[in-house]
Amino acid sequence: MLRTHTCGDLRADHVDQTVTLCGWVDKYRDHGGVVFVDLRDRYGITQVSFKLDNASEIQHQAQELRHEDVIQVTGDVVSRGEGNINPKLATGEIELRARKLTILNKSRTPPFEPNGESLPNEELRLQYRFIDLRRRALQRNLTLRHQICKATRDYFNNLKFLEIETPILGRSTPEGARDYLVPSRVHEGAFYALPQSPQLFKQILMVSGYDRYYQIARCFRDEDLRADRQPEFSQIDVEMAFIELDDMLGVIDGLVAAMVKEVRGEEITLPLPRYTYTEVMEKYGSDKPDLRFGLPIVEVSDLVSESDFGVFKSTVQGGGHVRGLCVKGAAEKYSRRILDNDLKGIVGEYGAKGLAYFKVAGGKLESSIAKFFNDKQQMAIVERMQGEDGDLLLFIADSWKVSCASLAALRNYLGRDLKLYDPKSMLTYWVVDFPLVSWNADEKRWDAEHHMFCSIHPDDVELMKTDPGKVRAQSYDLVCNGYEAASGSIRIHDPAIQQQVFDLLNINAEEAEQRFGFLLQALRYGAPPHGGIALGLDRWVMLFAGSENIRDVIAFPKTQRASDLMLGAPSDVDSQQLKDLHIKLDLQN
RNA sequence: GGGGCCGUAGCUCAAUUGGUUAGAGUACCGGACUGUCGAUCCGGGGGUUGCGGGUUCAAGUCCCGUCGGCCUCGCCA
């Protein structure tokens, strides 16, 4: 070992010991006769002092040190004494009085200092990710990620789960996201697909009797990126046999509690709350609302259908909805300009054509359009919205879908802007009773909401024939702070029910056989009742880290255009490689 | 595929309405200094204003295109 301790180890009780540290030069302060170096590794920072001393040249040697040089220092741990203690450092009571300095590797002048006062733009940080990863914040995030993975493995291992790996080179299926494809050299013109999730494999493992499976699985989806979406990401993938919905939720409740315990040292109250899909859509306009704050959506369609305000009236008469938010005490918070530009812009992104707003004053409405509502209507609206003087009322008149999406976005904006919650808090809950299918108006057919192996709520089997849109699925999402943090379902194991679902989705037997033949085949050979779930590992780490960006918790993430700026990936390849793979490029221009 | 924001010294930023030689802090280089911890003090070097074109007497600033980064709608069973 080149060192006896790390830069985070030394304390007052090490005084008088001779030790050797290794690390990077974080800061240096040259006083001529004495040089101070803050030596950094991932465990912390220790101050090293190099003093002028007739017997050695060490202080002159130290004067050559610059940012990010990698050095080895041997010396004595000494107390800093009264007045020289640095309370900002865990090691601040002591320093290392250097006797021997070895420069293990001189650094070029770095493009930025990992713990500098300002953070460089992300492009540069991604290009020099090896330096960026030296930052304390990123080291903390990756440590957190490790802790969460460890807590996960410990938890499932204790419950007799087996961790089983599934293939990365798989087969393309037309459902879901766009696949990443890998051309086969041996099979001319054929391609493997990288897994979007181990979905089909884990169901087959259930059929094979591995009744408790988990895996921290890498998944790949070739879709556009977002702040919380990368093209390759990790799932905590789980599947269990001989269980019912409550069992699954209970196991994951326990996992969440174990993660919180491991990371924050806190106990949480179980079971986690459960809401139905219908409840959250009606009250918050989203299937994953951030419930750290209230600000519910209130429907006033019935109150405004007879008003003189044409927009509201015609919307209701045309089958649409007028719904709104009551923003407490915010009547003076937003100027007309902000309401008409910023807030209207937010709802506009989700298709809302306008945003109506009123102030509550004297128990009635105040606004340029208040005149279209008589006193009785005004008072009824104020009462329904539970408005008080000084409140701001915001309304959207549109289709159900648009009112949900736009009000949910508006609600998120207001919650954040008005600081309605503690950003460090975490609030996790279940959403259950999702619809099994949704009507695809463009294609004029029913689409599976979760996926086509998702089982039907036992009370709704009869509805399959009469009103499929009302059939509830045995699926569940776990939501944390407005993010979808996990999603899963109890699967169908009965071929007759599976056939019913295929019929509804208009998938004929031949087609089904071609697409999922291997799974259908497996299900015919003794499939136990089973169900599962997948948690978005990156998102959980992000939530625990208090970050809003998934790149902050991935060691080597990709940019929005899915490139790796450090590697320069993706890249051109040698023409011989293409030839081997039977690929001919046909690029425009 | 659509919308929005951004790109000036190694880095973070500034530069009036389009107007003189594009500035500051930090980093870097040289010098001074024996107790700092954002060390301090003195001096110095450092610019294709992302790239290409256009308008203009004059462009970092305005216009068009393009490249790159970020946010977002669609997309993500």
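Every chain is numbered from 1 and lettered A, B, ... according to where its sequence line falls, protein lines coming before strand lines. Atom set for the values below is all heavy atoms of this structure, side chains included, hydrogens, waters and symmetry mates excluded.
- Partners of D16(A) according to the side-chain hydrogen bond (donor to acceptor under 3.5 Å, both in side chains) rule, which considers only residues two or more places apart in sequence or in another chain, do not exist here.
- Side chain R66(A) to base rC29(B): no donor-acceptor pair is found below 3.5 Å.
- Q59(A) comes within 4.0 angstrom of nothing in the nucleic acid, heavy atoms only.
- In terms of the side-chain hydrogen bond (donor to acceptor under 3.5 Å, both in side chains) criterion, Y277(A) has no residue partners (sequence neighbours excluded).
- A distance-only check finds a donor-acceptor pair linking the side chain of R178(A) to the backbone of D222(A) [under 3.5 Å].
- Nearer the 5' end of RNA chain B, as judged by each residue's closest nucleotide, is the contact made by H67(A), out of H67(A) and D447(A).
- Screening K202(A), M240(A), M206(A) for a side chain to side chain contact (heavy atoms under 4.5 Å, CB included) with H530(A), the sole residue that qualifies is M206(A).
- Residue contacts for N549(A): at a heavy-atom cut-off of 4.0 Å it reaches the sugar-phosphate backbone alone, with no base atom in range.
- With a 4.5 Å cut-off on side-chain heavy atoms, Y476(A) and S487(A) do not count as touching.
- Within the structure, the ring-ring contact (aromatic ring centres under 6.0 Å, His included) test picks out the following pairs touching residues 58-90 of chain A (sequence neighbours left out): Y28(A)-H67(A).
- W400(A) carries R323(A) over the face of its six-membered ring, with the cationic atom under 6.0 Å from the centre and within 45° of the normal.
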> Could you run down nucleotides 5-13 of chain B 5' to 3' and tag each one B, S or - for protein heavy-atom contact under 4.0 Å?
Replying inline: -----SSS-

Protein-nucleic acid N or O pairs under 3.5 Å, nucleotides 43-46 of chain B:
none

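- When heavy atoms are screened at a 4.0 angstrom cut-off, L89(A) is found touching no nucleic acid atom at all.
- Both distances falling under 3.5 Å, in either a Watson-Crick or a G-U wobble arrangement, occur for no nucleotide opposite rG47(B).
- You'll find that the side chain of T559(A) is closest to rC70(B), out of rC70(B), rC75(B), rG30(B).
- Within 4.0 Å of R561(A), counting heavy atoms only, lie sugar-phosphate atoms of the nucleic acid but no base atom.
- rC70(B): Watson-Crick or G-U partner is rG4(B), with both key distances under 3.5 Å.
- Here rA39(B) presents its P atom at 15 Å from CG of L65(A), a figure rounded to the nearest Å.
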Mind listing the side-chain donor-acceptor pairs of residues 341-351 of chain A below 3.5 Å, one per line with the distance, residues two or more places apart or on another chain?
| from | atom 1 | to | atom 2 | distance (Å) |
| --- | --- | --- | --- | --- |
| N341(A) | ND2 | R337(A) | O | 3.3 |

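- Using a 4.0 Å heavy-atom distance criterion, Q560(A) is classed as a base contact.
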Donor-acceptor contacts, no H, no angles, side chain residues 87-95 of chain A, under 3.5 Å, sequence neighbours left out:
| from | atom 1 | to | atom 2 | distance (Å) |
| --- | --- | --- | --- | --- |
| T91(A) | OG1 | I45(A) | O | 2.5 |
| E95(A) | OE1 | Q47(A) | NE2 | 2.9 |
| E95(A) | OE2 | S49(A) | OG | 3.0 |

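- Ring-plane geometry between H451(A) and F453(A) is classed as tilted, the angle between the planes lying from 30 to 60 degrees on a 0 to 90 degree scale.
- Looking at heavy-atom distances under 4.0 Å, S438(A) makes no contact with the nucleic acid at all.
- For the segment residues 342-351 of chain A, residues with any heavy atom less than 4.0 angstrom from an atom of RNA chain B are, sorted by number, E349(A), Y350(A).
- S107(A) OG to I71(A) CD1: the interatomic distance, rounded to the nearest 0.5 Å, is 12.5 Å.
- With hydrogens and angles left out, the side-chain atoms of D503(A) and Q499(A) include a donor and acceptor closer than 3.5 Å.
- Between the side chains of Q514(A) and E510(A), no donor-acceptor pair of N or O atoms lies under 3.5 Å.
- RNA chain B lies under 4.0 Å from no heavy atom of any residue of residues 397-411 of chain A.
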Distances under 3.5 Å between protein N/O atoms and the N/O atoms of nucleotides 33-36 of chain B, please, pair by pair.
| from | atom 1 | to | atom 2 | distance (Å) |
| --- | --- | --- | --- | --- |
| rC33(B) | N3 | D30(A) | O | 3.3 |
| rC33(B) | N3 | G32(A) | N | 3.2 |
| rC33(B) | N4 | D30(A) | OD1 | 3.3 |
| rC33(B) | N4 | G32(A) | N | 3.4 |
| rU34(B) | OP2 | G33(A) | N | 3.4 |
| rG35(B) | O6 | K51(A) | NZ | 2.7 |
| rG35(B) | O6 | R97(A) | NH2 | 3.3 |
| rG35(B) | N1 | E95(A) | OE2 | 2.9 |
| rG35(B) | N2 | E95(A) | OE1 | 2.6 |
| rG35(B) | N2 | E95(A) | OE2 | 3.2 |
| rU36(B) | O4' | H31(A) | NE2 | 3.4 |
| rU36(B) | O2' | R29(A) | NE | 3.4 |
| rU36(B) | O2' | H31(A) | NE2 | 3.3 |
| rU36(B) | O2 | R29(A) | NE | 2.7 |
| rU36(B) | O2 | R29(A) | NH2 | 3.2 |
| rU36(B) | O2 | Q47(A) | OE1 | 3.3 |
| rU36(B) | N3 | Q47(A) | OE1 | 2.9 |
| rU36(B) | N3 | Q47(A) | NE2 | 2.9 |
| rU36(B) | O4 | Q47(A) | NE2 | 2.9 |
| rU36(B) | O4 | R80(A) | NH1 | 3.2 |

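- Nearest-nucleotide mapping onto RNA chain B: of Q196(A) and K558(A), the residue sitting toward the 5' end is K558(A).
- Under the side-chain hydrogen bond (donor to acceptor under 3.5 Å, both in side chains) criterion, D76(A) pairs with T18(A), R99(A), not counting sequence neighbours.
- Residue S563(A) places at least one side-chain N or O closer than 4.0 Å to OP1 or OP2 of rG69(B).
- With rC75(B), rG68(B), rC76(B) as the candidates, the nucleotide lying closest to the side chain of R221(A) is rC76(B).
- Y28(A) comes within contact range of the sugar-phosphate backbone alone, with a heavy-atom separation under 4.0 Å but no base atom that close.
- As rounded to whole Å, 10 Å separates atom P of rC28(B) from atom CG of D69(A).
- Of the candidates rC37(B), rG68(B), rC70(B), rC70(B) carries the atom nearest the L126(A) side chain, counting heavy atoms from C-beta on.
- Shown here are the ring-ring contact (aromatic ring centres under 6.0 Å, His included) partners of Y214(A), two or more places apart in sequence or in another chain: F156(A).
- Distance CZ (R40(A)) to P (rC37(B)): 20 Å, rounded to an integer number of Å.
- Taking atom CD of residue E223(A) and atom C1' of nucleotide rU72(B), one finds them 16 Å apart after rounding to whole Å.
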